[in-house]
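Presented below is the structure to which this report refers.
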Amino acid sequence: MQLEDLPYNARIYREHIYSDDLPDRRAPQNATAKLHAKWGISTDKGAIVVVRPDGYVGCVTSLDTAGFDGLNAYFAGFMAAPSQVRAAL
């Protein structure tokens, strides 16, 4: 998959897209995409992985409308919309 093939909502964050082909003992030795194998992500479909500031994976979701809905639901669980923040001030 090329960056240009990603949906627009993901493509605009291209500087944050990460892929890993380094050896990892948690992935099968014959895997060509170690990061994908480690997380069980299809190399054909890809995924969105949210890594929290403490290094833990907070969310893994698909690169489609359902995935973006899932991201919205994930972040809505702990973030307030800007209008809600302004109203609270």
Side-chain angles (χ1 to χ4, degrees):
M1 176 179 280
Q2 301 297 318
L3 289 176
E4 294 76 29
D5 297 332
L6 295 172
Y8 174 77
N9 293 354
R11 208 170 47 242
I12 60 175
Y13 296 104
R14 68 185 320 125
E15 66 273 6
H16 300 285
I17 296 173
Y18 174 77
S19 186
D20 180 3
D21 62 354
L22 300 174
D24 189 318
R25 61 183 168 78
R26 294 169 290 184
Q29 293 304 311
N30 61 348
T32 56
K34 300 286 186 179
L35 183 70
H36 291 79
K38 181 170 44 179
W39 289 98
I41 297 169
S42 165
T43 55
D44 293 331
K45 294 182 180 181
I48 298 170
V49 179
V50 177
V51 181
R52 301 181 339 194
D54 60 5
Y56 285 92
V57 173
C59 176
V60 179
T61 188
S62 56
L63 278 169
D64 56 16
T65 302
F68 288 108
D69 290 343
L71 279 180
N72 287 333
Y74 172 75
F75 285 111
F78 59 89
M79 295 187 76
S83 60
Q84 293 172 326
V85 173
R86 283 191 296 275
L89 298 175

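Not measured: the values here are computed from a predicted model.
A73 meets the side chain to side chain contact (heavy atoms under 4.5 Å, CB included) test with no other residue; sequence neighbours excluded. Judged as a side chain to side chain contact (heavy atoms under 4.5 Å, CB included), and not counting sequence neighbours, the contacts of T61 are I48, C59, L71.
Listed here is the closest heavy atom pair of L63 and A47: CD1-N, 3.7 Å.
In the displayed structure, Y56 atom OH is contacted under 6.0 Å by at most 12 heavy atoms of other residues, nucleotides or ligands.
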